[in-house]
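For reference, the structure discussed in these notes is given below.
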Amino acid sequence: GAALAGAGLMTGSVAKAAPLPIPESNTVMGDPIPAESYGLPTEFEKHVKRRRSDVFKNKQNFSDWSMTPLQHQIGIVTPNGLFFERHHNGVAKIDPDKHRLVIHGLVDRPLEFSMDDIVRYPSVSRFHFMECSGNTLTDWREPKSVTVQQSHGLLACAQWTGVPLSWLLAEAGVKPEGKWVMFEGGDGSGHLRSIPIEKVMDDALLVYGQNGERLRAEQGYPIRAFFPGWEGNTCVKWLRRIKVVAEPDQIRGETARYSDPMPNGKWRQFSMVMECKSVITSPSGGMSLKGPGLYEVQGFAWSGNGKITNVDLTFDGGRTWREAAIEGPALDKCLTRFRYRWNWDGGPAKLASRAMDSTGYVQPTVEDIARVREISGFVQHHNGIFPWTVAQSGEVSNAIA
Amino acid sequence: GAALAGAGLMTGSVAKAAPLPIPESNTVMGDPIPAESYGLPTEFEKHVKRRRSDVFKNKQNFSDWSMTPLQHQIGIVTPNGLFFERHHNGVAKIDPDKHRLVIHGLVDRPLEFSMDDIVRYPSVSRFHFMECSGNTLTDWREPKSVTVQQSHGLLACAQWTGVPLSWLLAEAGVKPEGKWVMFEGGDGSGHLRSIPIEKVMDDALLVYGQNGERLRAEQGYPIRAFFPGWEGNTCVKWLRRIKVVAEPDQIRGETARYSDPMPNGKWRQFSMVMECKSVITSPSGGMSLKGPGLYEVQGFAWSGNGKITNVDLTFDGGRTWREAAIEGPALDKCLTRFRYRWNWDGGPAKLASRAMDSTGYVQPTVEDIARVREISGFVQHHNGIFPWTVAQSGEVSNAIA
Amino acid sequence: ADYGQRPEVGYGKPVADADLVLWNIDIHTPDGANLPAGEGTVPAGKLVYEQKCIACHGEKAAGGPVYGTLVGGIGSMTKSPRVLTPGSMYPYAPILFDYVRRAMPMDAPQSLTNDEVYAVAAYIYNLNGLVPDDFKMNATTMARIEMPNRDAFVRDNRPDTLAERCMSDCKPIGTVADASKPAAAPR
Amino acid sequence: ADYGQRPEVGYGKPVADADLVLWNIDIHTPDGANLPAGEGTVPAGKLVYEQKCIACHGEKAAGGPVYGTLVGGIGSMTKSPRVLTPGSMYPYAPILFDYVRRAMPMDAPQSLTNDEVYAVAAYIYNLNGLVPDDFKMNATTMARIEMPNRDAFVRDNRPDTLAERCMSDCKPIGTVADASKPAAAPR
Ligand code: HEC
Ligand code: HEC
Ligand SMILES: [Ca+2]
Ligand SMILES: [Ca+2]
Ligand SMILES: [Ca+2]
Ligand SMILES: [Ca+2]
Ligand SMILES: [Ca+2]
Ligand SMILES: [Ca+2]
Ligand SMILES: [Co+2]
Ligand SMILES: [Co+2]
C-alpha cells in the first residue's frame, strides 16, 4: 500500500504486557428480545438529546422550543425523537379517530374529512428539511451559543408522507377570488397562518407520515401542513381548519410575529421562504481538536428555493475559499451534507461554509444581511455565513461577531 | 373542477343537528417542553411495534428475531425503533470507550482501533435496505402469517454512515493470499461470517451511524459491518475482530446455518446476496377493504444486485400484469416504494407484485424457486412473488400456497 | 403515470357553514370582518384582566412572571430595541380580539365570552393610550381604532442580499457592525 | 474530488499476534488449524454435559426445553424433513469445537476450558455414533473424524431462476407443489 501518515504506523508491532482480554460482552447473554418493542438509543448515547432553548430562555415552556443536536446528527435524516420543536401552547393531544379537518371559505363545496378519509387518498413521500424562521436568533451581533445545537438546532430533515394539498382544494373547488389559504391548528394557541394559493397548489402537502411512521405528537399528530422550503411555523400542526380567503387575516402571527425588522421602523411580513444557508457541524463550537492532522470538516447546506449546487469552505476567515464535496442524494429543499478533508496545521483558524443553490443565490454574510435589514433584538431569517474559530489549543468557538 | 366520484359530493350541504364542537385540544394547554428529551411516538400509535417472531416461535428469546411492522411503514426509511432484530445471544452491551476493533491475519500490519480512531476517518452515508436471509421463512408451502410484518418483517431500510472497509484493510495491507475476510462480533454467540475480499473492497462499510444517529444496541452498537444488498447476518454486529484469511473457516454459521437446502441432499453455502424481491404492504394480510372503489396499492421492492427498474402488479393471480409507479429516489440496493391506483370492483381478487432490477433479473414465483431448489423446512432466500387475496367481504389474506 | 396526479375521487363530506359557527372564529383584522356581536368596557376589562390575566402578565399588564409588558413601545419602532406590544406593534386593533379569543388566557384558551374579550381588549388598549376610559369596545368601534403601526408592514421582497461566490482574495467575513461602515471600494 | 477515496492517513495502532491469543479463537474447521492443545474423553464429556448443558439440551442431548436434538439425522439429507444435528449436518468435526467454545453454554459463553470443550465434543459425537466410547478428542484426532455431510456443500451459483416479465396471458402464479409437476409446454 501507499506510505501512510499516522502515529501508529511508525512503530513496530511490539506485544503489550498482557494480551487483550476477552470482552465481557462475549461471555454473557445479552438482553433478550421482548415480545414487542419500540427501541430506544443505548445508554451510552444519552447525551444526544434535543434540548430546550437554553441560550434564549423563555419564562414558560408552552410557547417555547427545543433544538436538534446537529453536532451529533449523522447523515441527512433527523431521527424523529431528536426533531426540533416549536409550540405555541405545548404539545396538543388529539385522538385521530375524533379528529376532523374542514376546508371552507371561498370554495364551491365546503368539506369535512376524517383521518380515515385522508389516509385513503393516494400519497406521496418526499425528503425535505424544516427550519424555524428564528433559527440562529441568539447569534447575530455577538456569540451567544456554544454549540451548533444552540445556534442552528431549529433545523431538521425528514421524509414526509401525505397528500398534495392541491388535490383537496380542487375537490372543494377554489373560487376565483380565493387567493390565500388559511391554516389553523388544533392546539391551545389556535396557531394560524395564511399562505398564498400559488404555493399551496404548487408543492404543499398535508402530511401524516414522517420518517417511516405517523407524525409524532410534537410534530402535529395526526396531521399537519407542510410547505417545502418555507419557515416551520407555516407548516401548521394539529391541522383542523383550512379556509380559502381573498387576502390574509393579518392576525398576530402574521404581523406582530414572524415579521422581520427592516429599516425606518418597517416590518417585512409573509417572509416565508428559508433562503440558502449552511453551517459546519464538525468541527463546531464546544468541540476540541486533538492536535494537528487531517479532519473531515462536515456540515449541512440547504435551501428553500431548490437544490444545493455548491458549498465552499474558508479556513482563513473568508479570504480564500475551497469547494467542499456534496454527498448525494442532493435533493430539492433538503438537507445536504458537505464534506471536506482539512489538514489542520495546528495554528489558529477561522472556518466557515458558504452554500449556493440552484437559483444561483449565494449565502450572505451577516454584514450583507445587516446592510439591507435592521435586525435588532428580534432576529428572523438569519442565514448568514457562520464562522467558528479553532484556537491553537484545538478548542472550537463561535466566532460570529 | 372536474366531476368527481365519491359519496360525499353527491349530496348537498345540509347542516348537522348541532355545529361541530371546539376540539378539547384547542381549549387546554398541551404538554410543556422538557429541558431535554428523546421523543417517542404518541399513545395512539402504540400498536406500531416491532414484534418477536410469533408464527415461528423460538423456545428462547436470545437467539431469536423481531420483525418490522411493514404494513405501518410510511416512506422508505424504517425508524430505528422499529428496525427488525436478529440476535444469536441477545443484545450485547458494549461501552464504546472500551471497545477495540482488531484487523489481523494475512495482513502486513495487524492493527487495533478504538472507536475514537474509527470516527476520526472521513465517512460516507448511504441509503440501503437490510434483509434477513430467512425473511418470509414461515410462508413457503402454505400461508402461516397473517400480516406482512409476520411474513416479510425481517426487512428494513436506513441511511448508514461509516467508513469504507477497504480503507482499513488497505491500511493493514492485505497480503496476496488474503482472499476472504472474517468478521467476528462481540456478542455472547461470537457471531462470525467470512466474506470474499472482492465484496469487502467493493462497497462494504464499517458503520457506526444509522438514520441520523449512532447505531442502536440492537443493531450492533458501537459498530458493525455492512455489506450492501447482502443477507443481514453477514453484517456482523458489535464487530470486534476482522481477520484476513485464505479461505473461510467453514464454521457453524457458514455450513450448518445460513446455507440453503438443494436437491440431492446438497446445501448451497455462502449464498449472500438478497435477490430482487417485492411485496404489497397495502392492502396486505389482516387488512379489510371498505367497499369497492379506488385503493392505492403500495409496497416495497428491493434488490441486493442494484436498483429497482420496474414493478408489475397482478390482480387476477398472475394472468395479467400492469406496471406500478416507482417513487423516487430509487436508490441502489435500497427499499423502493411502488404505488398503483386500483379500482376494486368488489369481487374476489388475487394481488401480487413482481419486481425487476437493473441487472434484468425478474422476481420469481415460489414455483420457479421450487423447481431449482429443494426448500424443505429450512427456508432461506425466499424471494418469491407473494400473493394476497381480497375476498368479496374486503378481507385480505395471505394467498401463498 | 398517474403518480402525483390528483385522483378522480374525493373523500370529503359536505359540511355547511352553519356547522362551523364555533370553528370559524378568525377575524379579518384589517376591517374587523367576522368580529362577533358583544361589547365591553375598560372597567369590565380590568375585572376580567385581574381575574384571568394578571397572574402571568402582571399588574396593569406591565409584565409578569411569564411574559413581558403588554403596554407601551409606541414610537419605539425606529429605536433600538423596538418595544413590541399590542399597542405599538399591531397594525389593526382587531388582532387583539382574534388573539385573545383563540389563545388567552393561556391556561384556558377559548374560555372567555365575547363580551369578556371585548372588555379586556378595551382595558389593554386603554392602558396603551389608544382608547379613552369610557370607550365601548365592539365590532364597529374596534375596527376603527387607529393603530400607530398600521403602515409599517411591507411584503417580502427577498432576495435582498446579492452575495457573490468569491474564491480567493476575498473580503474577510464581516460583522453586523461592519455593515454600518461605508461600503468598501469595489475590488 | 476525494469523496469516497481512501485518505492518506491511518489511525490504527499496531497490535502483535501475541496480544491476540485470547481473541484469535476461530478454528479453520476443514483441517482443524488453530485447534488448541488439550484433550477430552467421552466420560469426561458426559460429566461436563450433565453439569452445563443438560438443562437446555436434555438427557443424552436428545432435545431439551430450549433446543431440539443434537443427536441423529444422519442419512436424512435426502429425506423431508432433514434432521439437522452436529452429527448429520456439520461437514467438518472441528466446527463443534469452534461453536461450543465461542457460544456454549449459552448462559456462559467462553467459560469452558479447552479440555472441557474437547470432552463435551467427544460425548456429542459419540452419541451421534461418529466416535467410539474410548475416543480421545484432541487437535489431531478431531480433524480426522469423517463427517457424513462433508461433501454436501456447493457454492452459491445464483441466479438460478430465470423468470420472465410476462405482462398478459401469463401462467398464473404457481405453488411449490406445482414445481414437481411436469413443466408446462412452452407458450
Ligand atoms: C398562564 C399564563 C398566561 C395567562 C393566564 C394569560 N396569558 Fe397572555 N400570554 C402568555 C404568554 C406566555 C404569551 C406569549 C405567547 C406567545 O407569544 O406564543 C402571552 C401573550 C399574550 C398576548 C400577546 C402579546 C403581544 O405582544 O402580542 C396578549 C395580548 C395576551 N397574552 C393577553 C392575555 C389576556 C387578555 C389574558 C387573560 C384573559 C392572558 N393573556 C392570560 C401567558 C398568559
Ligand atoms: C441456556 C441454554 C443453553 C445451554 C446451557 C447450552 N445450550 Fe447449547 N444451545 C442453546 C441454544 C438456544 C442453541 C441454538 C442457538 C442458535 O442456533 O443460535 C444451542 C446450540 C447448540 C449447539 C448447535 C447445535 C447445531 O445443531 O448446530 C451445540 C453443539 C450446543 N448448543 C452445545 C451445547 C453444549 C456442549 C453446552 C454445554 C457446555 C450447551 N450447548 C449449553 C442453548 C443452550
Ligand atoms: Ca384508530
Ligand atoms: Ca418569516
Ligand atoms: Ca465516550
Ligand atoms: Ca444465504
Ligand atoms: Ca378587506
Ligand atoms: Ca485449508
Ligand atoms: Co419558527
Ligand atoms: Co438473517
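Just so it is clear, the values below take in all heavy atoms, side chains as well, and ignore hydrogens, waters and symmetry mates.
Residue B/Val102 comes nearest to D/Leu20 through the heavy atom pair CG1-CD1, 3.6 Å, listed as atom of the first residue, atom of the second, then distance. Closest heavy-atom contact between B/Val124 and D/Gly4: CG1-CA, 4.3 Å.
Under a 4.0 Å N-O distance rule, the pair D/Lys181/B/Glu367 does not qualify as a salt bridge. Checked for salt-bridge contact, D/Asp160 and B/Arg268 meet the test: a charged N lies under 4.0 Å from a carboxylate O. A salt bridge does not link B/Arg319 to D/Asp169: none of the charged nitrogens lies less than 4.0 Å from a carboxylate oxygen. Contact check on D/Glu164 versus B/Arg354 returns no salt bridge, with no Lys/Arg side-chain nitrogen under 4.0 Å from an Asp/Glu carboxylate oxygen. Here D/Arg102 pairs with B/Glu184 in a salt bridge; the nearest charged N to carboxylate O distance falls below 4.0 Å.
Looking only at distances, a side-chain donor or acceptor of B/Lys266 sits under 3.5 Å from a matching main-chain atom of D/Asp151. B/Tyr121 places a side-chain N or O within donor-acceptor distance of the main-chain N or O of D/Tyr11, the cut-off being under 3.5 Å. Formation of a donor-acceptor pair under 3.5 Å by the D/Thr29 side chain with backbone atoms of B/Gln250 is found in this model. Of the possible donor and acceptor atoms, one in the side chain of B/Glu171 sits under 3.5 Å from a partner among the backbone N and O of D/Gly12.
Judged by distance alone, the side chains of D/Tyr92 and B/Thr255 never bring a donor and an acceptor atom under 3.5 Å apart.
Relative to the ring axis of D/Trp23, B/Arg240 places its NZ or CZ within 45° and under 6.0 Å from the centre.
Interface residue D/Tyr67: backbone and side-chain heavy atoms are both found under 4.5 Å from chain B. At a 4.5 Å heavy-atom cutoff, the contact between D/Asp98 and chain B is made by side-chain atoms alone. Using a 4.5 Å cut-off between heavy atoms, B/Thr314 contacts chain D through its side chain alone, with no backbone atom that close. Of the atoms belonging to B/Pro122, it is side-chain heavy atoms, and not backbone ones, that fall under 4.5 Å from chain D. Only the side chain of B/Asp312 comes within contact range of chain D, with heavy atoms under 4.5 Å apart. In this structure, no portion of D/Asp2 lies under 4.5 Å from any heavy atom of chain B. Residue contact with chain B, scored on non-hydrogen atoms closer than 4.5 Å, involves the backbone and the side chain of D/Asn157 alike. In this structure, chain B has a heavy atom under 4.5 Å from the side chain of D/Tyr99, while its backbone stays farther away. Heavy atoms closer than 4.5 Å to chain D are found in the side chain of B/His381, but not in its backbone. Heavy-atom distances place both the backbone and the side chain of B/Phe270 under 4.5 Å from chain D.
Residues B/Glu112 and D/Pro14 fail the side-chain proximity criterion, which asks for heavy atoms closer than 4.5 Å.
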